[in-house]
Number of protein chains: 2
Amino acid sequence: MKVQDHQLQVPGLRMTKQRKEVYRALLENQDHPSASELHSYMQTTDSPMSLATVYNCLEAFVEHGAVKQVNIDREPTRYCENSVQHGHFHDQKTGKIHDVNFKNGMNVSDLLDLPLGTEISNIEITLKGSISN
Amino acid sequence: MKVQDHQLQVPGLRMTKQRKEVYRALLENQDHPSASELHSYMQTTDSPMSLATVYNCLEAFVEHGAVKQVNIDREPTRYCENSVQHGHFHDQKTGKIHDVNFKNGMNVSDLLDLPLGTEISNIEITLKGSISN
DNA sequence: AATTAGTTTAGAATTATTCTAAAAAAGACT
DNA sequence: AGTCTTTTTTAGAATAATTCTAAACTAATT
């Protein structure tokens with residue numbers, strides 16, 4: 001999947017060459033990469049960059065809400081593009097991570113007994129298991 | 001809260017002195033401690049033990065389903081007793097972690113569009129935010 | 001062009017966790 | 001109790017993801 005240059009925008013964030021290319025990599029290969037996987041990948045493009053920069057870019061994206069971190073146990077943090085609210089399913093057989101969307105109109109507060117006055121700024125839902133068939 | 005010795009059991013797991021005391025610490029101080037917090041605490045009891053042992057005990061409990069890990073970003077993993085299915089709310093003002101129970105009769109599959117045939121073995125729900133009032 | 005502020009970089013530092021191999025404890029069996 | 005076997009505990013070393021540092025670079029601004 002190709003992403004046009006003008007789509008590589010994160011509101012409120014100056015898009016440097018490196019940020020653009022990291023963001024492109026995330027949009028084009030929707031694969032929940034870790035920082036170091038992303039770094040290896042960047043080395044194969046014509047924007048090789050340091051690992052620290054990959055971390056810097058990702059941090060900036062996360063701060064601006066454009067990217068979401070996926071933490072599974074103590075494994076390296078994985079990153080994914082975050083336009084739609086979603087959770088993750090970690091298939092233990094294949095190791096693959098699948099996005100799982102919220103059911104239409106559903107909300108965490110429908111599932112959980114939240115204390116009164118709770119204001120949620122971030123939701124992380126990670127399921128582990130397998131797909132039988 | 002005091003826990004009787006005979007309650008310090010995890011089905012299928014040999015309860016050594018150290019495992020008993022770590023388990024007791026988790027039951028008596030329901031505080032989502034990290035391994036090293038737990039270790040510091042153990043040093044104040046009459047069962048001081050090594051950090052490696054704390055990790056070993058916790059790993060055994062998690063494997064046997066008696067204890068749940070709570071991962072918040074890249075912070076040290078926290079541990080909590082796991083008799084009832086629940087999620088966690090991380091109050092960003094106070095840094096405290098609160099348990100949040102599932103609403104009666106509700107289930108993750110009510111919230112999320114899971115692929116057909118999905119078998120869930122572990123659910124981790126972590127919310128971040130604040131409580132306004 | 002000079003100045004300023006923000007970004008990238010290589011490499012060092014940090015730190016939670018895991019590993020290692022030896023000592024200790026627990027359990028089983030006479 | 002004494003021996004054998006298996007499991008657990010331990011201190012310390014090793015690992016690895018991430019963050020930090022300070023210098024070099026880039027971009028925006030006067």
Side-chain angles (χ1 to χ4, degrees), chain A residues 5 8-25 32-43 45-64 66-80 90 95 97 126, chain B residues 5 8-25 32-43 45-64 66-80 90 95 97 126:
Chain A
D5 234 69
L8 297 171
Q9 292 298 330
V10 171
L13 189 61
R14 180 206 283 177
M15 292 307 271
T16 60
K17 183 164 175 296
Q18 289 85 346
R19 286 181 181 160
K20 270 198 178 147
E21 294 311 320
V22 171
Y23 196 43
R24 184 197 302 283
H32 305 89
S34 65
S36 87
E37 284 168 356
L38 212 35
H39 176 240
S40 304
Y41 171 74
M42 297 318 293
Q43 302 319 100
T45 71
D46 44 7
S47 301
M49 65 185 69
S50 78
L51 179 57
T53 300
V54 174
Y55 272 105
N56 288 345
C57 292
L58 291 170
E59 186 188 34
F61 298 154
V62 169
E63 265 172 13
H64 286 74
V67 161
K68 196 164 193 157
Q69 295 180 316
V70 187
N71 292 301
I72 293 180
D73 300 333
R74 282 267 118 199
E75 287 171 26
T77 299
R78 306 189 155 275
Y79 298 85
C80 65
H90 178 223
I97 296 170
T126 313
Chain B
D5 233 70
L8 298 170
Q9 293 298 329
V10 172
L13 189 62
R14 180 204 281 176
M15 292 308 271
T16 61
K17 184 164 174 295
Q18 289 86 344
R19 286 181 180 161
K20 270 197 177 146
E21 295 312 318
V22 172
Y23 197 44
R24 183 196 305 283
H32 306 88
S34 65
S36 87
E37 283 168 357
L38 211 35
H39 177 240
S40 304
Y41 171 74
M42 297 317 295
Q43 304 317 100
T45 70
D46 45 9
S47 300
M49 66 185 70
S50 77
L51 178 58
T53 299
V54 174
Y55 272 106
N56 288 344
C57 292
L58 291 170
E59 185 188 35
F61 297 154
V62 170
E63 265 173 14
H64 286 74
V67 161
K68 195 164 193 157
Q69 296 180 316
V70 187
N71 292 301
I72 292 181
D73 299 332
R74 283 268 120 197
E75 288 171 26
T77 299
R78 307 190 154 274
Y79 297 85
C80 66
H90 178 223
I97 295 169
T126 313

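Each chain gets a letter, A, B and so on, in the order its sequence line appears, and its residues count up from 1. Quick note: numbers below take in every heavy atom, side chains included, and nothing from hydrogens, waters or symmetry partners.
The residue among B:Arg14 and A:Thr77 whose nearest nucleotide of DNA chain D is located toward the 5' end is B:Arg14. Comparing A:Asn56 and B:Ser36 along DNA chain C, the residue whose closest nucleotide (by nearest heavy atom) sits nearer the 5' end is A:Asn56. Closest-nucleotide positions on DNA chain D for B:Met49 and A:Arg78 were compared, and the one nearer the 5' end corresponds to B:Met49.
Within the structure, every side-chain polar atom (N or O) of B:Arg74 is placed at least 4.0 Å from both OP1 and OP2 of D:dA17. The phosphate of D:dT26 has neither OP1 nor OP2 within less than 4.0 Å of any side-chain N or O from A:Gln18. For the OP1/OP2 pair of D:dT26 and a distance below 4.0 Å, the side-chain nitrogens and oxygens of A:Thr16 include no atom meeting the criterion. Checking the phosphate oxygens (OP1, OP2) of D:dT10, a side-chain nitrogen or oxygen of B:Thr53 falls inside 4.0 Å. The side chain of A:Arg19 contributes an N or O atom lying less than 4.0 Å from OP1 or OP2 of C:dT7.
At the heavy-atom level, B:Ser34 lies nowhere under 4.0 Å from the strands shown.
Taking CZ of A:Arg78 as the start and OG1 of A:Thr126 as the end, the distance is 12.0 Å to the nearest 0.5 Å. We find the CG-CE distance between A:Leu38 and A:Met49 to be 8.5 Å, quoted to the nearest 0.5 Å. Atom NE2 of B:His39 and atom OG1 of B:Thr53 lie 8.0 Å apart (nearest 0.5 Å).
Summarising the geometry, the separation between CD on A:Glu63 and C1' on C:dT7 is reported as 14 Å, rounded to the nearest angstrom. Per the geometry, CG belonging to B:Leu51 stands 10 Å off P belonging to C:dA16, to the nearest Å.
One N or O on the side chain of A:Ser40 and one on the backbone of A:Ser36 form a donor-acceptor pair closer than 3.5 Å.
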